[in-house]
2 protein chains.
Amino acid sequence: MMHFVGAGAPSPVAVPSRLDAFVASQQFDRPTLVMDLDRVEQQYNALQSGLGHARIHYAVKANPAREIIARLVELGSHFDAASKGEISLCLEEGARPQDISFGNTVKRASDVAWAHQQGITLFAADAQEELEKIAENAPGASVYIRLIVEASQADWPLTRKFGCDRDTAMALLGYAKELGLNPVGFSFHVGSQTRRAKMWVPMLNVMAEIWRAAHAAGHAVSVLNIGGGFPAFYGEAIDAPEIYARQVIDLVTERFGDKVQVMAEPGRGMVAEAGVIVAEVMLVSRKSDRDMHRWVYLDIGRFSGLAETEGEAIRYQFETPRDGEPMGPCVMAGPSCDSADVLYEKRPVHLPMTLKAGDRVLIRNTGAYTSTYSSVCFNGFPPLDVVVI
Amino acid sequence: MMHFVGAGAPSPVAVPSRLDAFVASQQFDRPTLVMDLDRVEQQYNALQSGLGHARIHYAVKANPAREIIARLVELGSHFDAASKGEISLCLEEGARPQDISFGNTVKRASDVAWAHQQGITLFAADAQEELEKIAENAPGASVYIRLIVEASQADWPLTRKFGCDRDTAMALLGYAKELGLNPVGFSFHVGSQTRRAKMWVPMLNVMAEIWRAAHAAGHAVSVLNIGGGFPAFYGEAIDAPEIYARQVIDLVTERFGDKVQVMAEPGRGMVAEAGVIVAEVMLVSRKSDRDMHRWVYLDIGRFSGLAETEGEAIRYQFETPRDGEPMGPCVMAGPSCDSADVLYEKRPVHLPMTLKAGDRVLIRNTGAYTSTYSSVCFNGFPPLDVVVI
């Protein structure tokens, strides 16, 4: 049940043949993300099976393709929305308002009012001013308080941008009540792409202590939103989704008992592996005779879908038709005239020595955080195209 | 003629009252970039006056608003295009094909063929494979070879992504001839936002040596493309555009004589100061009682137009209606649920202590590299709106 990594050889990642068959049968005249809905369904079922009674709120921001939302509605998923736009989308695709949480801790007042009118009843907050905004625009709504936690074990660690510390969280529970809101619990985030369930332990220990302190202070919190962090395969071994999810829930139950209402917000862990980007080599060059590495330029870069290569954090897997041939290191870059549009330079990528302009490159497991990060028309390039099968 | 910086007080940057009057008279329901065409015209005239006989090829990628291209066509500007999309746009707005260079060193073969059919005759290259692509798809075209240069004095330094070293460049001149192309000269780039003309000196010295070597080797190069680097005001003093441009051209003439055909590609230096983004405060919070700084969240961030705050490289100037009141430091962040969407944290920004959700914030000199960097719909937020007056 483990994904595994090859060296030099074509990536042995298990990929649904449906996706491969479709991609092989098509021509694409620009970089295109192809998403396999059945693969999303398979992942949803695996995660839900592992998560047991926990509610999945799919993190819409990971990939808001309409067809994905519609399929997840059919499957009974709940949704975590970051904005009015995402709430709208979920409602249009048939989600019930009570199944959508407005999970951004930074909301426009008029969007809170709009969401409240639509029947959304659950909101995130991590600050006094945000609670006041919610109380005024969604009176009586349920809120959960987001906590800051250490996330140093994740591949894409989170900053201090979201959440507040323990003392502030306790004060906010009380303040929410004063404002006539219903403070139902807490949320936290272990950090995106947390590869092993055991990495959750330190964080869950801290949260359990805060949970007990809240009860001791008379706050009958009942909802624990464990956020996302569910990983995808980017070259380093991860557990299969069902196993990973079950391990996480077991860790939660050990610490919080089985009465707590758990919300989980997989985004990457739901859709990344259901997508492949079809790209093309634009140029292979050497800057000088003394250069150790080739430069390989693709027709997709940081500003057209591969934003998560920033700091070389997320390392995608590449596949080419020449993968049987001798391999060598190269720096990879995008097609724009922007010097920051370099994908991998510090840790070069190994690709066939015979690679050349016009060759097709598949970028595996790119179903999350790609299409919507894509810029509108930077350098005159159209945004990443998306095809859902 | 110097821009200057205030401390604590409202930014004293000279801004055309036309822009301010318009912004003050309007409501905006989402982040909006307002561009003043007359200010672009004024900047074009100042730069052209300083640049003398040098040809301005406006770097379209800085801001491809149709109205800007149309105005620059009227004024007699030439254009530097990064893609088929940008060439199309220039042609649609009335530019002549011979006034457009295809300046991206990484081009799709079919786009080269298309450009050639449209009458584009000047292409950039920095690699053997690119020359072959051009020779095959635009036979007989003129090419200039891009060199790698050190750019450590720029605020947004360039990487090694573009250009080749001297020996490779010499070899490419010869190879271009073999392929039936017309190698007309060289290009280089001092780095975006090079604040002082004297910062060009080391680079021009290197280029002059290469220029002489090319002539000595029998290559009658005649075109020197000095690229961009023309600065905008972001808080640190810069010279007025006419003075800066004249100083640069004087440095060029000292080294290359007055027979050389100089191309210059201002982008940021042409349009940045002609634009202001109207944004709104979404939330002001403290993470803990012990926090030194407030966090101020805007409705615009790194993924919706302010991409150049990456690494806190470009420091925009903020203006609020409360600027007379006591000021204090704060961390600034965007509205998305992405933890990387933080604008300024290492060097906090000073803003009024009374700032709160709903307050309008003007972000000055944001006419370049904002609108097109904006993501399609990250987190369900629409892209940066653009209004041209």
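To find a chain, count down the sequence lines: A is the first, B the second, and so on, and within it residues start at 1. Note that these values count all heavy atoms, side chains included, but never hydrogens, waters or copies made by symmetry. A quick note: this is a predicted structure, and the numbers were derived from the prediction, not measured.
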For each of A:Ser371, A:Pro64, A:Ala82, tally heavy-atom pairs with chain B at distances under 4.5 Å, and name the one with the top tally.
A:Ala82
Taking all heavy atoms of A:Lys161 and all of B:Ser336, pick out the closest pair and write down the distance.
NZ-O, 2.8 Å
Ranked by heavy-atom pairs below 4.5 Å to chain B, first place among A:Leu89, A:Asp341, A:Val60 goes to A:Asp341
Output the option from B:Val281, B:Ile87, B:Val331, B:Asp299 having the highest count of non-hydrogen pairs under 4.5 Å with chain A.
B:Asp299
Should A:Lys287 and B:Asp126 count as side-chain neighbours, where that means a heavy-atom distance under 4.5 Å?
yes
Which donor-acceptor pairs under 3.5 Å do side chains of residues 375-385 of chain A form with protein atoms, sequence neighbours excluded?
| unit_1 | atom_1 | unit_2 | atom_2 | d |
| --- | --- | --- | --- | --- |
| A:Ser375 | OG | A:Phe303 | O | 2.7 |
| A:Ser375 | OG | A:Phe378 | N | 3.4 |
| A:Asn379 | OD1 | A:Cys337 | N | 2.6 |

Going by distance alone, is a donor N or O of one side chain under 3.5 Å from an acceptor N or O of the other, for B:Tyr369 and A:Asp338?
no
Would you please go through residues 105-113 of chain B and name the residues with a non-hydrogen atom below 4.5 Å from one of chain A, in numerical order?
B:Thr105, B:Val106, B:Lys107, B:Arg108
Does the side chain to side chain contact (heavy atoms under 4.5 Å, CB included) test come out yes or no for B:Gln128 and A:Arg286, once each step is laid out?
CA-CA 9 Å; B:Gln128 206 170 312; A:Arg286 280 181 197 271; over 6 Å; no
Engaged part of A:Asp29 at the chain B interface, taking heavy atoms whose separation is under 4.5 Å
backbone
Only pairs of heavy atoms separated by less than 4.5 Å count here; which of A:Gly334, A:Ser304, A:Ala59, A:Gly311 has the most with chain B?
A:Gly334
In terms of heavy-atom pairs under 4.5 Å with chain A, the winner among B:Met282, B:Lys84, B:Glu280 is B:Met282
Close approach to chain B in residues 129-137 of chain A, criterion heavy atom under 4.5 Å:
A:Glu129, A:Glu130, A:Lys133
Given A:Pro335, A:Ala81, A:Ala333, A:Gly358, the one with more heavy-atom pairs under 4.5 angstrom with chain B than any other is A:Pro335
As an exercise: rank B:Ser83, B:Ala62, B:Cys164, B:Gly85 by heavy-atom pairs under 4.5 Å with chain A and give me the winner.
B:Ser83
Do any of residues 165-172 of chain B have a heavy atom less than 4.5 Å from a heavy atom of chain A, and if so, which, in residue order?
B:Asp165, B:Asp167, B:Thr168
Greatest number of non-hydrogen atom pairs under 4.5 angstrom with chain A, of B:Ser88, B:Gly103, B:Gly163, falls to B:Gly163
